[in-house]
Amino acid sequence: MQDWYKNMSFYQIWIRSFADGNDDGIGDLLGVYDKLTYIKSLGVDGIWFCPIYPSPNADFGYDISDYKNIHPDYGTLSDFKRVLNRAHELGLKVIMDLVINHTSDEHPWFIESRKGGEDNPYKDYYIWRDGKGVKLPNNWESFFEGKAWEWCEERGQYYLHIFAKKQPDLNMDNPAVREEIKSIMRFWLDMGVDGFREDVITYISKHEQLPDGIPFLPAINGLPFYKDGPNLLRYLREFRAVAGEYGAVQIGEAPMTPVKTALQYLRGEDRVLDMMIQFDTMMADCFFTEYVHHPFSLRKLKRAFSRWQYALDGVAWNALYLENHDHPRVIDRYGSLEFWRESGTMLAACYLFQQGTPFIYQGQELGMTNIALPSIDHYLDVASVNAYHSFFRWEPVEKRLRRIHRSSRDSARTPVQWSGEENAGFSTAEPWFYVNPNYREINAAAEDRDPNSILNFYRKCLKLRKDCPTLLWGSYREYRWHSGWLYLYERQWQGERILVSCSFSKRQRRFSLPEGYAAEQAELLLDNYPAEQPGQVGTLRPYEVQVLRWK
Ligand code: TEU
Ligand code: CA
């Protein structure tokens with residue numbers, strides 16, 4: 001069975017910084033509408049919208065106060081329908097972000113729940129507990145803001161928040177809450193959306209007793225008691241039934257879920273998720289989070305790629321990505337600013353030709369890079385601000401700022417650089433967030449004109465993928481896994497073999513082809529160096545990638 005999403009690729013929109021259509025400095029649906037033909041021109045087949053619902057923006061949309069509406073900053077429901085219809089006319093699918101582990105504390109459910117009272121229908125919508133004497137209900141830490149419990153004076157109890165204080169966790173064990181989720185799903189599916197990206201979906205089922213976690217461990221000490229929890233499969237099956245009625249795709253975000261566990265959700269006809277956003281490939285220069293970094297390790301990256309490729313081949317389907325709104329830009333991390341164009345294009349090819357459905361994050365196709373802001377007051381991401389003031393508070397200011405510059409999610413949230421005009425062509429008004437000053441060199445208009453640009457390379461890659469069944473369906477095999485500079489993998493399908501050779505080195509290097517590959521018979525399908533500078537099989541220039549075919 002070939003499911004509709006398998007030969008596709010998706011473009012991810014974080015709307016606030018995408019394109020401003022009404023010139024108030026904030027990206028919006030009108031802006032998206034105007035850019036639909038640009039998105040189509042990339043050769044992608046769908047769009048994933050990060051949350052566009054009403055939200056106080058404590059976590060930029062991931063704190064939702066109304067699941068069945070559009071944030072006034074971004075437009076109205078009818079603006080959304082226009083975008084949806086036009087996207088469909090252009091042959092683009094549209095998937096929405098479903099954030100159901102938590103809501104905003106300004107959601108009417110929470111405002112009601114806070115009141116308590118025996119016959120209050122919202123009483124058990126969230127996870128409320130008494131303290132233990134002077135102590136909190138347990139020792140869990142949140143990801144974004146200190147302890148995972150916050151006192152509510154009105155109710156005289158604590159509520160659980162695994163993320164920010166303004167993101168109370170829903171009580172998924174309450175059947176009424178699950179009915180609400182299904183109703184939200186139906187609302188968008190009835191309107192015509194094609195599926196969901198499901199935020200931290202593997203955290204929604206908490207261990208009943210909420211036991212204490214490992215003491216002294218920051219941020220993740222409670223993880224064993226809410227990740228891949230006891231009732232998760234059962235709840236996902238309920239949601240699957242709804243999605244199934246509409247033939248909708250479901251992509252689950254699963255931080256730190258190992259591949260073996262992932263297969264429980266992804267395998268077979270009765271799977272509960274179609275794809276999973278794993279975090280392994282985002283950890284090639286850090287431990288668990290970007291804030292605890294180490295120098296980039298190609299071996300670590302390759303191990304992560306291959307682990308998922310081998311384990312899922314033939315039994316499940318991968319979601320492929322190297323960037324999204326939660327991670328700093330990938331050229332700064334895994335590539336080289338010195339070889340900006342070369343590494344930006346090589347990084348594209350290194351993941352787009354693996355087996356799976358690729359996701360491309362806005363600006364990634366332009367090779368956008370991290371921004372360095374002058375002080376912590378310029379940063380807006382709750383996770384960055386918290387890291388600066390808590391985990392790293394003992395470090396000197398300079399060191400902390402360097403850390404934030406390197407690690408902040410804000411680095412990936414600067415306005416998209418459309419042109420070399422004022423405000424990078426994002427808006428005629430002053431943008432809501434800082435534009436990266438490199439927009440005069442790095443922007444869509446300039447790259448559109450340059451046949452060798454990162455933008456045009458993404459287009460070439462996506463076209464090649466589509467034209468080539470081996471790249472879509474072929475099996476995966478890695479060679480030279482021990483190399484510290486070369487990532488070499490093969491795709492094979494019905495007798496045809498394709499080798500993708502990627503250099504992560506700043507100098508020219510040689511390597512020998514795997515046994516059974518004759519250089520003379522190779523057909524060069526793609527190279528990221530200009531055509532006037534033809535490459536040589538077996539030699540790779542700095543950050544060169546070659547895609548070679550044997551028939
Ligand atoms: O991200 C989940 C998530 O686990 C990461 O943000 C993680 O906490 C971080 O990388 C640890 O360093 C999702 C969304 O993608 C993110 O934007 C939201 O902030 C988060 O959930 C809460 O909804
Ligand atoms: Ca606007």
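Keep in mind the model is a prediction, meaning the values are calculated, not measured. Ligands are counted one by one from 1 in listed order, and the atoms in each one are counted from 1 as well.
- Atom 4 (O) of ligand 1 has as its closest protein heavy atom Pro255 CG, 3.4 Å.
- In this model, a donor atom of one side chain and an acceptor atom of the other lie less than 3.5 Å apart for Trp128 and Ser113.
- Nearest to atom 12 (O) of ligand 1 among the protein's heavy atoms is Thr289 CB, 3.4 Å.
- The part of Phe144 lying near ligand 1 is the side chain, judged by heavy-atom distances below 4.0 Å.
- Those atoms of ligand 1 that come under 4.0 Å of a heavy atom in His325, given as number and element, are 14 (C), 15 (O), 16 (C), 17 (O).
- Close approach of ligand 1 to Val200 is summarised as follows: ligand atoms under 4.0 Å from at least one heavy atom of the residue are 2 (C), 4 (O), 21 (O).
- Between Asn221 and Trp140, the side chains place no donor N or O within less than 3.5 Å of an acceptor N or O (distance only, hydrogens not considered).
- Nearest protein heavy-atom contact of atom 18 (C) of ligand 1 is Asp59 OD2, 3.3 Å.
- When only modelled atom types and interatomic distance are considered, Ser65 and Tyr53 share no side-chain donor-acceptor pair under 3.5 Å.
- The part of Arg197 lying near ligand 1 is the side chain, judged by heavy-atom distances below 4.0 Å.
- Geometrically, Lys35 engages Trp418 in a cation-pi contact, judged by NZ or CZ lying under 6.0 Å from the ring centre and within 45° of the ring axis.
- For Asp28, the N/O/S atom at the shortest distance from the Ca ion (ligand 2) is named OD2.
- In this structure, a donor-acceptor pair under 3.5 Å is present between the side chains of His325 and Tyr62.
- A donor atom on one side chain and an acceptor atom on the other are not found under 3.5 Å apart for Tyr67 and Ser183.
- Side chains of Gln364 and Tyr321: no donor on one and acceptor on the other come within 3.5 Å.
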TODO: Please assess Tyr203 against His102 for the test ring pair (Phe, Tyr, Trp, His ring centres under 6.0 Å), listing each intermediate value before the final yes or no.
DONE: CA-CA 10 Å; Tyr203 290 3; His102 42 267; 9.2 Å; no
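- Using a non-hydrogen distance threshold of 4.0 Å, His102 registers as a contact of ligand 1.
- Counting only N and O atoms by type, the side chains of His88 and Asp194 include a donor and acceptor under 3.5 Å apart.
- If you check the side chains of Asn438 and Gln417, you find a donor sitting under 3.5 Å from an acceptor.
- When heavy-atom distances to ligand 1 are checked against a 4.0 Å cut-off, Glu253 comes that close only through its side chain, counted from C-beta outward.
- Between OD1 of Asp20 and OD1 of Asp24, the angle at the Ca ion (ligand 2) works out to 90°, rounded to 10 degrees.
- Under the 4.0 Å criterion applied to side-chain N and carboxylate O atoms, Arg197 and Asp199 are assigned as salt-bridge partners.
- The closest protein non-hydrogen atom to atom 10 (O) of ligand 1 is Phe279 CE2, 4.2 Å.
- Taking only non-hydrogen atoms, the option from Val382, Asp326, Ile201 nearest to atom 5 (C) of ligand 1 is Asp326.
- Counting only heavy atoms, the protein never gets under 4.0 Å from atom 7 (C) of ligand 1.
- Here Asn22 meets the criterion, with an N, O or S atom under 3.0 Å of the Ca ion (ligand 2).
- Of the polar atoms of Asp199, at least one N or O is found under 3.5 Å from an N or O of ligand 1, judged by distance alone.
- At a 4.0 Å cut-off, at least one heavy atom of Arg409 sits close enough to ligand 1 to count as contact.
- For a distance bound of 3.0 Å, the N, O or S atoms of Ile26 include one lying that close to the Ca ion (ligand 2).
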